[in-house]
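Numbered from 1 within each chain, the chains take letters A, B, ... in sequence-line order. Bear in mind that the values here come from a model prediction, so they are computed numbers and not experimental data.
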There are 2 protein chains.
Amino acid sequence: MSTQATTRPGGRSARVQQSVHQAVRDLEAEVGRSALTVPLIAARAGVTPSTVYRRWGDLRELLSDVAVERLRPDGAPTDHGSLRADLEAWAAQFAEEMSSTAGRTYIRDALLGDPEQGNAIRCSDYAAEQLKALGMRAAGRGEAVPDLETLLDVVVAPLMYRILFRPSDLSTAYTDRLVAAAVGRSSLPPQA
Amino acid sequence: MSTQATTRPGGRSARVQQSVHQAVRDLEAEVGRSALTVPLIAARAGVTPSTVYRRWGDLRELLSDVAVERLRPDGAPTDHGSLRADLEAWAAQFAEEMSSTAGRTYIRDALLGDPEQGNAIRCSDYAAEQLKALGMRAAGRGEAVPDLETLLDVVVAPLMYRILFRPSDLSTAYTDRLVAAAVGRSSLPPQA
DNA sequence: CCCCAGACGCAACTTCTTCGCATTAAGCTG
DNA sequence: CAGCTTAATGCGAAGAAGTTGCGTCTGGGG
């Protein structure tokens, strides 16, 4: 049901998906998220509501799909010269983006769609990819690197938990502390 | 909007809330969660749909309220003689309950309601209360105890992250490892 | 005992959602 | 490249859900 994979990649289906996604983004900015409805989105996208219902099932799934797209990182994380600095910068940016009202909404939307765990795991994969990139870069420098599971448990999970369950401030002091705990568990890869 | 506090404590309002909550639980078991609708629930509860809409706003809020109630812990966690054993038992039980399909659904439902952070934080508070009880019990034994924030970051957050974002198995080996990391950060309270 | 405010039932109305059927377009085969 | 197959879309009707105003009732307070 995760629409990207099952749809015919080119042609009309792709155009419809694109225009519907765009309609969601536009309308969200114009009328606010709470006023979004399927008929409204469909009208803006130039399709009939039944098309949206058939493709996405309901509004939640659609919003979930759009939210995941927005959570996709732009590119490779910037290089700050050391693993610790890279992680600190990444965590600070992650915390800032995700703890905003908009960021929290995207995470919640992404999480709430698709009970069969399609979109939620993609969120985690995005973070994992970024962290893996940082790790490989650091390994190339000869630095010791904590494994991915550790980074997810020690850095990402606490941030996400606070964002979802407890309105905390997520200061740089806090993210730095998480990073410090993570790098403390570093180990050199077997082949290095 | 969190219905418990704002309603008149006794009398009809209380009866309505109780019967509606009960109707949700019954129907969830009978027809399945995806078939739940406000009119259906209202009919079972013996009230009109408009009553439900006025009290809860929409189905999501209602499900969120019911889910939070189900996530409320039964009583004080059992005593296993040491902080480490207590935490291990608590974490194992937490992981087992929450990673089931039903448990995940409740968490998601709780998260789903109320953008203004009412129900989500209550989930976290339930865990925090349990952990605080464990901590005070351990402090009474003279044990060193990690502070609550640490426990939430090191034990609860990774579990919740995996439950929500990554379908992992959450074995006892894993929960024990989290507990080990947490007790490693213990410190004696100032007055002890 | 009476009054006031909040909560509820009722009913009409609007909007959303589902479904069958016809049509169009994409991908595939010869 | 022409024809075929199948998925996806548009359309419209029917059904279900959500919304709202108004009168009534219940529970708390004077």
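The other residues sharing a hydrophobic cluster with A:Leu112 are B:Leu112, where clustering joins ILVMFWY side chains under 4.5 Å apart. A:Ile121 shares a hydrophobic cluster with no other residue; no ILVMFWY side chain has heavy atoms under 4.5 Å from its own.
Look at B:Thr51 and you'll find a side-chain N or O under 4.0 angstrom from OP1 or OP2 of C:dG9.
Using a 4.0 Å cut-off on heavy atoms, none of the residues of residues 27-34 of chain A approach DNA chain C.
Shown here are the side chain to side chain donor-acceptor pair (under 3.5 Å) partners of B:Asp176, two or more places apart in sequence or in another chain: there are none.
If you measure from atom CG of B:Leu59 to atom C1' of D:dT19, you get 16 Å, rounded to the nearest angstrom. Atoms CH2 (A:Trp56) and P (D:dT9) sit 8 Å apart, rounded to a whole Å. The nearest whole Å value for the distance from the CZ atom in A:Arg55 to the C1' atom in D:dA7 is 11 Å. Straight-line distance from the CG atom of A:Leu36 to the C1' atom of C:dC16: 14 Å, rounded to whole Å. One can place CZ of A:Arg12 at 18 Å from P of D:dT6, the figure rounded to the nearest angstrom.
Pairs passing the ring-ring contact (aromatic ring centres under 6.0 Å, His included) check and including a residue from residues 91-115 of chain A, sequence neighbours excluded, read A:Trp90-A:Phe94. Pairs of residues two or more places apart, or lying in two chains, that qualify as salt bridge (Lys or Arg N to Asp or Glu O under 4.0 Å) and include a residue from residues 29-38 of chain A are A:Glu30-A:Arg44, A:Arg33-A:Asp109. Among residue pairs with one or both ends in residues 145-165 of chain B, those qualifying as ring-ring contact (aromatic ring centres under 6.0 Å, His included) are B:Tyr161-B:Phe165; sequence neighbours excluded. The salt bridge (Lys or Arg N to Asp or Glu O under 4.0 Å) analysis of residues 93-106 of chain B, with sequence neighbours excluded, yields no pairs.
Both B:Val38 and B:Arg15 lie near DNA chain D, and the one whose nearest nucleotide falls closer to the 5' end is B:Val38.
Using modelled atom types and a 3.5 Å distance limit, the side chains of B:Arg15 and B:Gln18 yield no donor-acceptor pair.
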Review item, nucleotides 11-16 of chain D N/O atoms under 3.5 Å of protein N/O:
from   : atom 1 : to      : atom 2 : distance (Å)
D:dC11 : N4     : A:Ser50 : OG     : 3.2

